Amino acid sequence: MPHLTWTGFWVLGDKHSLFRDGTEAVPYRFKSCPTVTPLPHPASRTPRSLRSIMRERLSVPFFSLLQETGELAERRRVSVYAVGGFVRDLLLGIPNVDLDLVVEGHGIRFAKDLARQYKARVTPHERFGTATVTFPDGHTFDIATARSESYDAPAALPRVRRGSIKEDLCRRDFTINTLAIRLNAPRFGELVDHHGGRRDLKDKTIRVLHGLSFVDDPTRVFRAIRFEQRLGFHLHRDTAVLLTETAKMGLVRSLSPSRLSGELLHVLSEREPGKTLARLADFNLLHFIHAQLKWSAGLARLLDTVKQAITWHAGLSLGRLASPWVVYAMALLDVLPHPAVQETLARLTFPRRHTQSLLWVSQESARLLQTLDRTAKPSEMFRALCNLPDETLVFLMAKARSTQGKQNISDQITTYRRVGSILNGNDLKAMGLKPGPLYNRILDRLLDARVDGTVETEANERRLVRRMVK
């Protein structure tokens with residue numbers, strides 16, 4: 001871990017936590033990347049070109065677009081860099097065309113110039129000095145002005161000013177995300193590595209830039225674990241210690257509901273959120289979601305079963321689930337009593353429709369699963385399930401223990417939801433029936449009959465309608 005040239009501390013009540021001994025302590029008011037002595041894995045003194053790797057791993061059109069972006073930057077006399085996850089994944093061989101650019105100069109002005117050159121659409125965000133450029137082929141570039149940040153208190157939003165690429169990279173979370181690629185034409189493809197990110201990629205290490213990184217932004221405790229599990233890396237020893245101390249100090253509680261909700265959503269959106277949640281439990285972080293939330297073998301099994309159910313649904317050629325993370329959220333909250341689920345969701349800022357689904361599952365799923373376990377007419381099962389969103393049905397599939405229950409849910413997803421009556425309201429009117437509540441009763445009865453297989457043709461349906469209105 002880099003040795004700080006000063007001692008940082010923060011104050012919670014009357015408790016002072018010291019990160020480094022030596023020089024006189026200073027109050028908590030500092031830039032997010034203090035002066036440090038060389039890292040254990042210092043960057044190479046000789047800039048390395050990634051041009052050949054870019055040419056090999058990027059599509060020809062995308063590679064050309066990056067080159068032309070650099071040529072435009074040179075003409076506009078600004079310096080432009082590809083930064084962050086794009087560079088990290090490029091070096092790891094992971095496909096990623098989600099590109100972030102940093103401009104030493106006026107980012108929005110450069111974004112407008114780039115959009116003009118390609119007849120693209122630009123969406124500026126003046127308050128943040130950023131812009132999104134959407135190209136005709138659908139590619140998007142997020143472009144930001146290089147900036148530095150300083151924090152006035154733990155977990156506070158930073159104060160921002162325009163800065164250099166070095167300062168911009170200095171404010172990043174982990175060394176593997178501090179890598180940048182220069183795009184300007186004369187030095188196109190040159191790797192910028194001030195913090196040993198390339199070496200940490202090779203060593204599969206997640207490392208913060210300085211001792212107060214998690215204090216600056218406690219959401220980084222979630223991101224550190226997400227990257228560790230997603231990439232198959234490990235936390236550097238000192239980073240793990242800092243993360244543990246941050247969890248003990250309870251700084252995650254200072255996060256706003258929206259920021260905590262965003263991090264939880266990201267965790268649940270990982271390919272294997274169970275691994276990430278288990279690792280969060282290792283650092284006693286689950287109780288920040290709710291005090292009663294604990295890791296257990298039962299929760300691990302349920303999350304694994306949910307993964308299998310989502311995979312099953314994906315194999316049905318019905319289209320991907322719109323929000324797989326909701327199914328994992330249902331599993332995570334399933335271990336809590338309903339009042340605790342209500343308390344948790346009252347604090348979080350999930351979309352309203354998903355919150356309603358989570359509350360419904362917490363309160364009603366056990367009763368419904370008992371209903372599904374018995375043999376009944378298909379229409380009865382259809383009525384019990386027809387108004388539930390796909391995410392809820394997939395969770396019920398994961399929770400169902402009996403073969404009959406699983407079959408009833410499978411039939412709803414694969415068969416009955418496609419069933420509909422042939423006759424409609426216009427047909428009923430043409431048959432001389434007066435519009436009113438009777439229409440709904442008739443159409444519901446027709447649909448039940450179709451699901452049960454007791455009517456199969458239009459003529460069958462008309463005969464059923466006539467019997468109903470005698």
Side-chain angles (χ1 to χ4, degrees), residues 268 273-274 277 289-290 292-316 318 321-346 350 352-420 440-441 444-445 447-454:
L268 296 171
L277 290 166
I289 300 171
H290 192 278
Q292 297 181 46
L293 186 59
K294 293 178 175 60
W295 187 255
S296 66
L299 177 55
R301 286 193 297 270
L302 179 56
L303 289 166
D304 186 60
T305 307
V306 163
K307 178 184 175 183
Q308 296 174 32
I310 291 174
T311 301
W312 166 78
H313 183 274
L316 297 177
L318 298 174
L321 280 175
S323 303
W325 70 268
V326 176
V327 192
Y328 286 110
M330 290 172 178
L332 182 64
L333 297 177
D334 189 67
V335 300
L336 293 175
H338 185 64
V341 173
Q342 292 176 305
E343 292 169 5
T344 302
L345 294 174
F350 290 155
R352 187 168 183 269
R353 66 184 183 282
H354 296 323
T355 297
Q356 290 174 333
S357 293
L358 291 165
L359 287 169
W360 186 94
V361 162
S362 173
Q363 190 163 25
E364 303 292 340
S365 62
R367 176 194 57 78
L368 179 58
L369 285 168
Q370 289 180 347
T371 299
L372 295 175
D373 282 344
R374 61 187 178 83
T375 303
K377 290 197 304 183
S379 59
E380 184 179 345
M381 296 297 104
F382 169 78
R383 289 298 171 188
L385 299 172
C386 65
N387 293 321
L388 301 180
D390 283 0
E391 288 79 10
T392 301
L393 293 173
V394 171
F395 177 73
L396 292 172
M397 176 63 79
K399 283 278 289 183
R401 291 291 173 261
S402 72
T403 301
Q404 184 63 54
K406 289 183 179 296
Q407 186 61 56
N408 286 330
I409 299 165
S410 177
D411 289 343
Q412 172 63 26
I413 293 174
T414 61
T415 303
Y416 297 142
R417 66 169 43 195
R418 293 183 174 85
V419 174
N440 288 333
R441 292 198 297 273
D444 284 347
R445 179 68 183 87
L447 182 55
D448 287 347
R450 297 284 295 187
V451 169
D452 290 334
T454 58

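Since the structure is predicted, the reported quantities are computational estimates derived from the model, not experimental observations.
R301 is linked by a side-chain contact (heavy atoms from CB on, under 4.5 Å) to A297, counting only residues two or more places apart in sequence or in another chain. Applying the salt bridge (Lys or Arg N to Asp or Glu O under 4.0 Å) test to D444 and every residue at least two apart in sequence or in another chain returns R383. A search for side-chain hydrogen bond (donor to acceptor under 3.5 Å, both in side chains) contacts involving S362 returns H338, not counting sequence neighbours. Q363 pairs by the side-chain hydrogen bond (donor to acceptor under 3.5 Å, both in side chains) definition with nothing, not counting sequence neighbours. Under the rule for a salt bridge (Lys or Arg N to Asp or Glu O under 4.0 Å), the partners of E364 that lie at least two apart in sequence or sit in another chain are R367. In terms of the salt bridge (Lys or Arg N to Asp or Glu O under 4.0 Å) criterion, R445 has no residue partners (sequence neighbours excluded). For K406, the salt bridge (Lys or Arg N to Asp or Glu O under 4.0 Å) criterion is met by no residue, not counting sequence neighbours. Partners of E380 according to the side-chain hydrogen bond (donor to acceptor under 3.5 Å, both in side chains) rule, which considers only residues two or more places apart in sequence or in another chain, are R374. Under the rule for a side-chain hydrogen bond (donor to acceptor under 3.5 Å, both in side chains), Q292 has no partner lying at least two apart in sequence or in another chain.
The shortest non-hydrogen separation linking S410 to W312 is OG-CZ2, 3.7 Å. The two atoms that bring G420 and L447 nearest to each other are CA-CD1, 3.8 Å, heavy atoms only. Summarising the geometry of I409 relative to A400, their closest heavy-atom pair is CD1-CB, 4.1 Å, with the distance given to 0.1 Å. Closest non-hydrogen pair, L303 versus G274, comes out as CD1-CA, 3.9 Å. L396 and L368 make their closest contact through CD1-CD2, 3.7 Å (heavy atoms, listed as atom of the first residue, atom of the second, distance). Heavy atoms only, all atoms of each residue included: V326 and L358 are closest at O-CD2, 3.9 Å.
Residue pairs satisfying the salt bridge (charged side-chain N to carboxylate O under 4.0 Å, His left out) criterion with at least one member in residues 391-403, sequence neighbours excluded, are listed as follows: D334-K399. Among residues at least two apart or in separate chains, ring pair (Phe, Tyr, Trp, His ring centres under 6.0 Å) pairs with a member in residues 352-390 are W325-H354. Residue pairs meeting the salt bridge (charged side-chain N to carboxylate O under 4.0 Å, His left out) criterion with at least one member in residues 408-419, sequence neighbours excluded: D390-R417.
Put simply, CZ on R352 and CG on L345 are 13.0 Å apart, with the number rounded to the nearest 0.5 Å. In this structure, the separation between CG on L385 and OH on Y416 is 10.5 Å, given to the nearest 0.5 Å. With rounding to the nearest 0.5 angstrom, the CZ atom of R353 is 6.0 Å from the OG atom of S323. Rounding to the nearest 0.5 Å places NE2 of H313 at 4.5 Å from CG of L321. To the nearest 0.5 Å, the span separating CG on L293 from CG on L333 amounts to 7.5 Å. C386 contributes atom SG, which lies 12.0 Å from atom CE of M381 (distance to the nearest 0.5 angstrom).
Without hydrogens or angle criteria, S296 side chain to L299 main chain gives a donor-acceptor distance under 3.5 Å. No donor-acceptor pair closer than 3.5 Å links the side chain of T454 to the backbone N or O of R450. In terms of modelled atom types and a separation under 3.5 Å, the side chain of T392 and the main chain of L388 share no donor-acceptor contact.
With 3.5 Å as the limit, one finds no donor-acceptor pair spanning the side chains of Q412 and N408.
Residues D373 and Q404 have side chains not in contact (no heavy-atom distance under 4.5 Å, counting atoms from C-beta outward). In this structure, the side chains of L268 and L277 come closer than 4.5 Å at one or more pairs of heavy atoms.
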